[in-house]
Engineer: 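Dropping a structure here in C-alpha cells format, bear with me for questions.
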Amino acid sequence: MTKHKLETLTFDNSYARLPEVFYAKVNPTPFGAAPYLISANRAAMDLLDLDHAEAARPEFAGVFGGSLLVPGMEPLAMLYSGHQFGVYVPQLGDGRAILLGEIVNGRGERWDLHLKGAGMTPFSRDGDGRSVLRSAIREYLCCEAMHGLGIPTTRALCLVGSDDKVYREQVETGATIVRMAPSHVRFGTFEIFYYRKQHEHLQRLADYVIEMHFPQLTQAADKYLRFFAEVVERTAKLIAQWQAVGWSHGVLNTDNMSILGATLDYGPYGFMDDYDRGFICNHSDYNGRYAFNQQPYIGLWNLSCLAQTLLPLAPKDVLKEVLDGYQVLVDRSYREQMQKKLGLTEDRGEDETLLQELKSLMAGSRVDYTIFWRELGTFSSEPAARNERLREHFLDPGRFDLWAAQYRDRLRGEQSRDDERRVRMDRVNPRYVLRNYLAQGAIEKAQQKDYTEIDCLLNLLQHPYVDQPGMNSYAVAPPNWGKHLSVSCSS
Ligand code: AMP
Ligand code: MG
C-alpha cells in the first residue's frame, strides 16, 4: 500500500459538492501562538494511508492545528439543528469544527477529516470556536478507547495544542482534535431541512446519504424507509453496546446522533466506576435526562425525531412500524452481549432472572462494574469452590452465594468448562476502560506540558481486553478523589 505524505493525500469532497445551503465555506482560524503536536494516533494514520513519519513534520501540526491547508482540502462548516435536552433549537451547525475534506483510502474507505476547535464559523453563535486542551484530550482518548472496545465511534487522528488562552470557567489553553468518520451527518442535519420546510433539500440529503453510505439501498423503491430501518438497527446495537460496557454519553441531543450509528461527540461522557443504573455523568444534566438507564429510551426518542423528518419521504404508518421495532432490537442486542459477558453460550429463558439478580446485587453493594465483570471470568464452577475474590465485592456475601449457586448450575447445565469460558469472557469483559480519573491524570500532566500519559493511555486502551504487563494500576478502582470528578458541557 502506498504511504502518503500530507501533500499527496487525495481528497474527494462529496459534501462540498452538495448545494451551498448544506454548509458554509470557512477556513480554520490559525491560533496566535504556533500549534504543536501533542499526540498522533498511528492506527488512525493507517486509515488514511498516511506515513507515520509525517507526524514529526511541523506541517503536520500546522495542518491539523488549523494554520495550514493542503491542496485538495475544501474546508466547510456543516449546517444542522437538533433537539437539545428535548427542546428544538432551529439552528446549530458546526460552531467550532470544520470539515477539512474527505479522503478515500486505498481500500476505498471514506474518511471525513473534521477539525474540532478550529475557530469561529458562521454557526458559532456566542461561542469562540475553540476547544480547551482538557476536552480535546477527553475526546481523543475516548474515541480510541471505544474503538478498542469494539464499539462504533468516530476515530481520532491527532491532538494539537497551542498556548493561546481560551476562556471558560477558568483560563485554559486551546487545542484541536481531528475527528474521523465516514460521515458527520447527524439526525439534526435532517431536522433542519424538515423544520424549515425545505423538503427538496431534505430529499437531496437523504439521497446523498443513501448513495454514499447505504449504496445497497439506492435501487429500492422504499429506500427512505429502509434507510431509516438501517439507522434504527445501528442505533439500537450501538446503545446496547454502551449499556453492556457501562458507558454514558452524557449529551444525547439529536445533533450528537450519527446517521451511521457511531458514537459521536465526546463531552461529559463517563464509564461508570461503581454500578449505578441511574448514573449521570454530565453534571449539567440536572434532571438526569441522559442518565445511564435512560439511554435506550433516549435512543427511541431521538429516532422518533428522525422519523418525523422522513414523513415527506416515506409513509407514516410504516415509519412507525420500524420505530416500534427498536426496543426489541436493543433488548435482543443487550441480552446477547450480557450472555457473552456471563460466559454463556446457550440462550435460556432463566438467564434474564440471573442477570437481573446479579445487577441488583451489584447495585446494592456498589460493585465496580468493570472490575467485577473481568473477575467473573475467574469463577470456579467446582461444587466446593467459594469464589472468595468475587464474594468480597458484596456487602452481603450470603446473597452472592445464592446467586453463585444458580450461576454454577446454569454453567454446568451447558457443560461449560472454566478455562475455556474464561478465555471467551476475557474477550468481552475489558480489563481497562477510560475511567474519568485516568483521563484527568493525563489532562493534569498535559497542562504541565507532559504528554506522556496521553500516549500511554492511548496504547493501553486500544487493547482493553488484553492483560498488559506493568499496567495493573490502570485496572483498579479509582482513588476517592477520582470518584466524583465533575464533568459538564463546558469544553
Ligand atoms: P456540543 O454540545 O459540543 O454538541 O455543541 C452543541 C452546539 O454548540 C454545536 O452547534 C457546536 O458547534 C456549538 N459549540 C459548542 N462549543 C462551541 C464553541 N466553543 N464555539 C462555538 N460553538 C460551539
Ligand atoms: Mg455536538
Side-chain angles (χ1 to χ4, degrees), residues 22-24 26-29 31 66 75-100 112 114-140 142-143 146 153-154 156 161-162 164-181 183-192 195 248-260 262-270 280-286 289-290 298 302 305-306 487-491:
F22 287 81
Y23 52 79
V26 54
N27 285 347
T29 309
F31 285 117
L76 59 86
M78 296 168 80
L79 177 71
Y80 53 83
S81 62
H83 280 83
Q84 297 194 311
F85 288 89
V87 179
Y88 186 65
V89 182
Q91 189 191 293
L92 292 164
D94 287 334
R96 57 159 162 176
I98 290 179
L99 177 61
L100 296 172
D112 277 6
H114 206 235
L115 183 65
K116 189 165 173 182
M120 293 192 30
T121 77
F123 312 127
S124 297
R125 300 185 309 275
D126 300 329
D128 57 5
R130 295 296 180 196
S131 294
V132 293
L133 177 61
R134 158 177 61 89
S135 71
I137 293 173
R138 283 175 54 85
E139 177 144 21
Y140 182 72
C142 204
C143 283
M146 295 296 260
T153 174
T154 55
S162 156
D164 272 16
K165 291 189 171 58
V166 176
Y167 299 88
R168 296 292 181 264
E169 283 94 344
Q170 65 275 40
V171 185
E172 301 184 51
T173 58
T176 52
I177 168 183
V178 180
R179 184 158 79 174
M180 303 184 357
S183 169
H184 279 76
V185 171
R186 305 129 193 275
F187 291 11
T189 322
F190 283 78
E191 288 179 285
I192 195 161
Y195 287 104
S248 274
H249 182 287
V251 201
L252 275 180
N253 294 334
T254 55
D255 51 304
N256 290 338
M257 295 290 291
S258 156
I259 211 73
L260 300 179
T263 314
L264 170 67
D265 218 346
Y266 293 86
Y269 64 80
I280 302 169
C281 58
N282 178 355
H283 286 238
S284 320
D285 182 8
Y286 307 110
R289 179 180 171 86
Y290 298 137
I298 290 294
N302 289 343
C305 290
L306 179 64
V487 223
S488 71
C489 282
S490 136
S491 54

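All ligand and atom numbering here is 1-based and tracks the order in the structure.
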Engineer: Would you say Arg168 contacts ligand 1, with heavy atoms under 4.0 Å as the rule?
Structural biologist: yes

Engineer: Could you point out which residue of Leu264, Ile192, Leu260, Asn302 forms a side-chain contact (heavy atoms from CB on, under 4.5 Å) with Arg186?
Structural biologist: Leu264

Engineer: Quick check on contacts: which atoms of ligand 1 are under 4.0 angstrom from a heavy atom of Ser124?
Structural biologist: 21 (C), 22 (N)

Engineer: Please answer whether the main-chain N or O of His83 pairs with a side-chain N or O of Thr254 as donor and acceptor at a distance below 3.5 Å.
Structural biologist: yes

Engineer: Check this for me: does any side-chain nitrogen of one of Asp112 and Arg179 sit under 4.0 Å from a carboxylate oxygen of the other?
Structural biologist: no

Engineer: Does Asn256 come within less than 4.0 angstrom of ligand 1, counting non-hydrogen atoms of the residue?
Structural biologist: yes

Engineer: Indicate if the distance from the Mg ion (ligand 2) to the nearest N, O or S atom of Asn253 falls below 2.8 Å.
Structural biologist: no

Engineer: For Met78, which of Ile98, Thr121, Asp94 qualifies under side-chain contact (heavy atoms from CB on, under 4.5 Å)?
Structural biologist: Asp94

Engineer: May I ask whether Gln84 places a heavy atom under 4.0 Å from ligand 1?
Structural biologist: yes

Engineer: Has ligand 1 got any nitrogen or oxygen that is less than 3.5 angstrom from a nitrogen or oxygen of Lys116?
Structural biologist: no

Engineer: Give the single entry among Gly129, Gly93, Ala97 that approaches atom 20 (N) of ligand 1 most closely by any heavy atom.
Structural biologist: Gly129

Engineer: For residues Lys116 and Ser131, report the shortest heavy-atom separation together with the two atoms involved.
Structural biologist: CG-OG, 3.9 Å

Engineer: I'd like the atom name of the N/O/S atom in Asp265 lying closest to the Mg ion (ligand 2).
Structural biologist: OD2

Engineer: Taking all non-hydrogen atoms of both residues into account, name the closest pair between Leu100 and Pro28 and its distance.
Structural biologist: CD2-CG, 3.9 Å

Engineer: Heavy-atom contacts with Tyr80 under 4.0 Å: which atoms of ligand 1 show up? List them by number with element.
Structural biologist: 9 (C), 10 (O)

Engineer: Only one of His249, Arg138, Met146 passes side-chain contact (heavy atoms from CB on, under 4.5 Å) with Tyr266; say which it is.
Structural biologist: Met146

Engineer: Ignoring angles and geometry beyond distance, decide whether Gly95 reaches within less than 3.5 Å of ligand 1 through its nitrogen or oxygen atoms.
Structural biologist: yes

Engineer: Can you check whether Ala77's main-chain N or O pairs, donor with acceptor, with Tyr23's side chain at less than 3.5 Å?
Structural biologist: no

Engineer: Can you list the ligand 1 atoms lying under 4.0 Å from a non-hydrogen atom of Asp265?
Structural biologist: 1 (P), 3 (O), 4 (O)

Engineer: How close do Tyr140 and Ala156 get, counting heavy atoms only, and between which atoms?
Structural biologist: CD1-CB, 3.6 Å

Engineer: Regarding atom 19 (N) of ligand 1: of the candidates Asp94, Asp128, Leu92, which has the closest heavy atom?
Structural biologist: Asp128

Engineer: Using a strict cut-off of 4.0 Å, indicate which atoms of ligand 1 neighbour a heavy atom of Arg125.
Structural biologist: 7 (C), 8 (O), 10 (O), 13 (C)

Engineer: Considering the heavy atoms of Arg130, write down every atom of ligand 1 situated less than 4.0 Å from one of them.
Structural biologist: 19 (N)

